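One structure is given here, and the rest of the page talks about it.
Only a predicted model underlies this, so the values are computations on that prediction, with no experimental measurement involved. These values consider heavy atoms only, across backbone and side chains, with no hydrogens, waters or symmetry-generated copies. Within every chain, numbering begins at 1; the chains are lettered A, B, ... in the order of the sequence lines, protein sequences first and strands thereafter.
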Amino acid sequence: MTAALPTAAGPAARLAAVDDIAYGAELLASTPTHEGRDPELLRRWARAATEFGSAMAPVECRARVVESSGGLALGLLARYHSRPVPTVELFTDTIALAEETIDAYGWRHWYPAGSVRAAALAHEAVHERLHHGPAKRELKQLLGHTVLRLGRHRVHGHVAGADEVAAHAYARTACGLGRSPLLLTAALVAASSGKEN
Amino acid sequence: MGVVILLIMAVGVVAMLTRKIPTAFALVLLAVAIAFAAKAPLTGENSVMDGVIQNGAPLLASTMIAIILGSWLGKLLDETGIAGTLVRKIVEFGGDRPVVVALGILAVSTLVGTVTGSAPAAMLAGIIGIPAMIAVGIPKVTAAGTILMGIAAGMPFELPIWQFFSTALELPVDTVRGFMLKLFPFALAAAVLFVLVESRRRGVEHAWALKSAPARPSQRERRGDAPWYALLTPVIPLVLALGFELAIIPSLLAGILFALFTTTRPGEYGKRLLRTLYSGFEVAAPPITLFVAIGMLLAAVKLPGAVSALEPLVKAVSPDNPVLFVAVFTVLVPLCLYRGPLNVYGLGAGIAGVLIAAGIYPAVAVLGLATSYNQVFGVADPTSTQTVWSAQYAGVSPQQVMVRTLPYVWAVALAGLCVTAATYL
């Protein structure tokens with residue numbers, strides 16, 4: 001995959017004009033099971049997941065970290081596997097493109113040098129925490145998506161994609177970023193596909 | 001002469017393997033060439049024109065009707081949101097536990113697999129099911145494999161397949177149903193094992209992706225949830241055909257009407273029925289084309305000249321000892337992959353016809369052989385449309401899916417062959 005870096009200020013401004021919650025809602029909208037859901041409901045879920053991720057206690061990345069190239073071809077910046085041993089894969093080519101994009105868009109004040117790698121580790125650490133611990137249930141309660149009501153009792157349903165929004169929100173807080181990595185992801189989608197937004 | 005026919009078959013296999021000629025066309029050419037090699041006359045009884053082309057083309061007509069009805073029902077499951085609702089409910093209720101989601105989607109795939117086969121079945125369960133599994137952390141290869149293993153678990157109850165084997169092997173539907181009931185537990189056990197073992201081995205996977213979900217064939221609008229009772233649609237034809245022993249075509253029609261009445265306003269019945277029927281024809285076109293060609297091939301290998309030429313050769317290489325039968329045909333399982341000679345939707349149908357026509361094995365044993373191979377082909381063949389679709393939609397290669405699923409379906413084939421040998425040989 002070839003990467004064409006946008007240099008015009010226009011696309012950067014246009015992407016940055018969209019707030020982080022809207023990017024979260026967009027991520028949820030493109031996640032299966034949410035097709036055609038009320039945009040306001042998705043925005044509410046995105047806000048709840050963002051608040052959950054931002055308020056999470058610091059999470060140490062205990063997984064093994066490996067670095068490799070080939071992320072652009074896979075469309076990935078980082079990946080977490082729970083087996084055979086918990087591992088975080090960091091894709092150096094995508095991280096490098098992210099750093100270049102930050103410079104090209106003039107977003108360095110939001111994403112300090114080296115922060116993409118740190119954000120990726122923080123993001124995947126949250127997935128590990130959500131996978132192994134009770135935090136997943138807390139997130140579900142906070143989202144409050146009722147799928148079954150029996151008198152006073154309510155069964156909360158899983159909201160696909162909410163953990164992803166929470167992981168990005170945590171990464172933003174933990175790494176002291178000015179904006180969510182979701183904005184950076186939107187810019188990378190444009191850059192990696194060679195299109196300008 | 002038998003050697004010449006085998007050489008013609010080998011050329012046909014090469015043509016199919018190299019994809020020089022589409023499978024259906026290659027089978028028609030094979031049928032005509034075999035008929036000429038068997039010294040069939042051009043016209044008249046047991047001839048190339050009348051015996052093979054005229055009578056062979058509609059030989060599997062009942063199967064073709066069943067395929068059309070299955071595709072029609074599949075389209076209704078899609079358009080009325082029944083399949084999508086099933087998957088969404090599973091994700092919402094079990095999303096915290098990826099294995100539960102995978103098992104739920106496996107169950108949906110199994111149900112869908114009883115209604116329709118091939119790529120349409122994979123799409124029905126997979127369009128929402130595959131990205132939904134990936135979103136909860138199921139690795140991509142496991143997600144694609146889950147859909148395929150599920151469809152294969154439903155295959156023993158796929159009514160058009162009953163019709164196909166009944167007509168092609170000249171066996172009563174009851175006999176086909178009886179064997180399929182024996183095969184089903186193995187197919188289901190393998191499918192459940194696949195999900196449990198692969199989940200244990202591969203765990204979960206989450207990614208910071210540049211796109212949140214795999215590219216969809218078309219950005220579809222959510223059609224709203226179907227009512228809970230409409231979700232019973234896939235089991236209606238099954239209950240009627242299995243429980244009440246109703247014939248295949250009325251059972252499928254009952255499923256279509258149930259889906260319609262439980263999801264559609266009365267004023268829109270006609271419009272929806274017609275629209276989904278016509279879309280169903282489009283879905284059914286590739287298998288119907290194949291069944292026309294298979295009908296001709298079956299007619300050709302059953303010509304008296306072909307039978308007498310092939311009988312001594314096939315007899316010489318076919319094991320008659322039950323243990324040897326299981327061992328040899330288990331080792332030969334890979335020959336049903338890549339459009340190989342034992343693929344029952346290709347030359348394998350012709351070989352099955354030869355085995356029966358030459359009296360090598362009883363027809364019911366050939367049924368056991370063919371259905372066992374069908375379980376492998378339906379999941380692991382990297383050239384079969386459902387495997388290609390599922391793998392590509394999940395973002396992996398069909399070969400990756402083949403490598404992961406083959407051990408499980410090979411075991412199903414082994415079990416099917418053991419049952420066949422123990423029961424019919």
So what's closer than 4.5 Å to chain B heavy atoms on [X]: side chain, backbone, both or neither?
{"X": "A:Thr94", "value": "side chain"}
{"X": "A:Ala167", "value": "neither"}
{"X": "A:His123", "value": "side chain"}

Rounded distance (nearest 0.5 Å) linking atom [atom1] of [X] with atom [atom2] of [Y]:
{"X": "A:Leu74", "Y": "B:Lys140", "atom1": "CG", "atom2": "NZ", "result": "6.5 Å"}
{"X": "A:Asp163", "Y": "B:Asp96", "atom1": "CG", "atom2": "CG", "result": "9.5 Å"}
{"X": "B:Arg97", "Y": "A:Lys136", "atom1": "CZ", "atom2": "NZ", "result": "9.5 Å"}
{"X": "A:Lys140", "Y": "B:Glu92", "atom1": "NZ", "atom2": "CD", "result": "10.5 Å"}
{"X": "A:Leu184", "Y": "B:Leu210", "atom1": "CG", "atom2": "CG", "result": "9.5 Å"}

From the list A:Ala160, A:Pro181, A:Pro86, A:Gly71, the residue making the most non-hydrogen contacts under 4.5 Å with chain B is A:Pro181

Which one wins on heavy-atom pair count under 4.5 Å against chain B: A:Ala120, A:Gly161, A:Ala171?
A:Ala120

Nearest heavy-atom neighbours spanning [X] and [Y]:
{"X": "B:Ala207", "Y": "A:Glu164", "result": "O-OE2, 3.1 Å"}
{"X": "B:Gly203", "Y": "A:Ser82", "result": "CA-OG, 3.2 Å"}
{"X": "B:Arg201", "Y": "A:Arg83", "result": "O-CB, 3.2 Å"}
{"X": "A:Pro32", "Y": "B:Ile128", "result": "CB-O, 3.9 Å"}
{"X": "A:His158", "Y": "B:Val136", "result": "NE2-CG1, 3.7 Å"}

Answer yes or no: are there more than 12 heavy-atom neighbours, outside [X] itself, under 6.0 Å from its atom [atom1]?
{"X": "A:Arg108", "atom1": "CZ", "value": "yes"}
{"X": "B:Phe261", "atom1": "CZ", "value": "yes"}
{"X": "B:Gln399", "atom1": "CD", "value": "yes"}

Here's a test for you: under side chain to side chain contact (heavy atoms under 4.5 Å, CB included), which of A:Arg79, A:Glu124, A:His127 qualifies with B:Trp208?
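So, applying the side chain to side chain contact (heavy atoms under 4.5 Å, CB included) to B:Trp208 and each of A:Arg79, A:Glu124, A:His127, only A:Glu124 qualifies.
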
Options B:Ala132, B:Gly137, B:Pro98, ranked by heavy-atom pairs under 4.5 Å with chain A, top entry:
B:Ala132

Taking every non-hydrogen pair under 4.5 Å, which of B:Arg202, B:Glu205, B:Lys89 racks up the most with chain A?
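Max contact count across the listed options: B:Glu205.
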
